[in-house]
Protein chains: 2
Amino acid sequence: MLDGVETAQIYIERWAAAAGATGPCPVRDVLDKIGDKWSMLLVMTLAGGPKRFNELHRAVPDISQKMLTQTLRDLQRDGLVSRHVFDTKPPSVEYRLTRLGHSLIVPFGHLIEWANGSIRRIEAARKDFDAAR
Amino acid sequence: MLDGVETAQIYIERWAAAAGATGPCPVRDVLDKIGDKWSMLLVMTLAGGPKRFNELHRAVPDISQKMLTQTLRDLQRDGLVSRHVFDTKPPSVEYRLTRLGHSLIVPFGHLIEWANGSIRRIEAARKDFDAAR
DNA sequence: GCATGCACTTACCTCAAGGTAATCTTCACT
DNA sequence: AGTGAAGATTACCTTGAGGTAAGTGCATGC
């Protein structure tokens, strides 16, 4: 990973190139997932190890059943999460990150670090901006 | 930057810690911005150097004037972008990334790399999933 | 026999993001 | 006088993400 302005150039060029190429931009595509309310929370929760449906629900209590099911289905469809049904008495279902899912953790981690490191400056900027208004 | 599962643990712990601390989670906060339709496109466009309003509009033709203004205002409020008015004949306005704005480029770059490197596998997974349906 | 947990599914509703289009002000050009 | 560029602001409308609440099928515990 380089740094500085030239890096930005490389990124935006690749971004632009990718955008032009296969129709819809991969970055847009991925950002839509990452930007939604629950996907990354579930990925990070599953990063701690496989979990069952209600186990996930207990770990993330403020998600609705509907959104839990739907978000898991989407993650599964994208190949980030795999679903395993065990034929027990009441059938239990386990969700776990795939390799691809795991590979998201590091790049996403950089963003978490940035967010945690920058939030004070962002909030300060907001205060200043609103005060000037 | 470490790698592997233990890294995930660190991230999610810090995430959880940050979430509990100052009310609304910084990561959620930042993700809302990053996940919106135009913010990151504008940040990456401005990474190439300062631009004027209509210059940005030409660089990103499918954004509406309304959303261009609004997104720039939000980025300015968060301290990622600064706005400079020049007292020329028809007053011109220049937007540029702040230091904070620049600092987003590298962590976000990791995500671009991941997206570009993973999109083929994601699309393949979607095809498989939809075929099984 | 009734309630409870598990893993969903479905119907219905709300709210906010974002699009469209019209309008504004000031100046310069013709 | 009329047109056009710059940098917006405003009113109106559509769409979809996400919430609420209820229902489903099955099995075990009380």
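Model, not experiment: these values are computed from the prediction. Residue numbering restarts at 1 for every chain, and letters A, B, ... go by the order of the sequence lines.
Between Trp38(A) and Arg58(B), the residue anchored closer to the 5' end of DNA chain D is Arg58(B), taking for each the nucleotide with the nearest heavy atom. Comparing Pro91(B) and Asp62(B) by the nucleotide of DNA chain C that holds the closest heavy atom to each, the one mapping nearer the 5' end is Asp62(B).
Remark: Arg52(B) is in phosphate contact with dG7(D), judged by side-chain N or O atoms under 4.0 Å from OP1 or OP2.
Comparing atom distances between the Lys66(B) side chain and each of dG7(D), dA8(D), dA11(D) picks out dA11(D) as nearest. Across dC6(C), dA8(D), dG19(C), the shortest atom-to-atom separation from the side chain of Val93(B) is found for dA8(D).
Backbone-only engagement by Tyr95(A) is indicated by non-hydrogen atom pairs under 4.0 Å involving sugar-phosphate atoms exclusively. At a threshold of 4.0 angstrom between heavy atoms, the contacts of Ser64(A) include nucleobase atoms, whether or not backbone atoms are also involved.
Formation of a donor-acceptor pair under 3.5 Å by the Ser82(A) side chain with backbone atoms of Thr98(A) is not found in this model.
Under the 4.0 Å criterion applied to side-chain N and carboxylate O atoms, Arg126(B) and Asp29(A) are assigned as salt-bridge partners. Ion pairing of Arg28(A) with Asp32(A) is present here, as a side-chain N (NZ or NE/NH1/NH2) and a carboxylate O approach within less than 4.0 Å.
Whole-Å rounding puts the Gln70(B) CD to dT20(C) C1' distance at 14 Å. The CD-P distance, from Gln65(B) to dA17(C), rounds to 20 Å in whole Å. dA5(D) atom P lies 16 Å from atom CD of Glu55(B), rounded to whole Å. Atoms CG (Leu68(A)) and P (dC6(C)) sit 13 Å apart, rounded to a whole Å. Spacing between atom CZ of Arg73(B) and atom P of dA17(C) amounts to 17 Å, rounded to whole angstrom units. Summarising the geometry, the separation between CG on Asp36(B) and C1' on dG16(D) is reported as 16 Å, rounded to the nearest angstrom. In this structure, Lys51(A) atom NZ and dC6(C) atom P are separated by 15 Å, rounded to whole Å. Atom CE of Met67(A) and atom P of dG16(D) are 14 Å apart (whole Å).
Note on Met44(B): it clusters hydrophobically with Ile34(B), by side-chain heavy-atom contacts below 4.5 Å among ILVMFWY residues.
The closest side-chain donor-acceptor pair between Ser39(A) and Asp36(A) falls under 3.5 angstrom.
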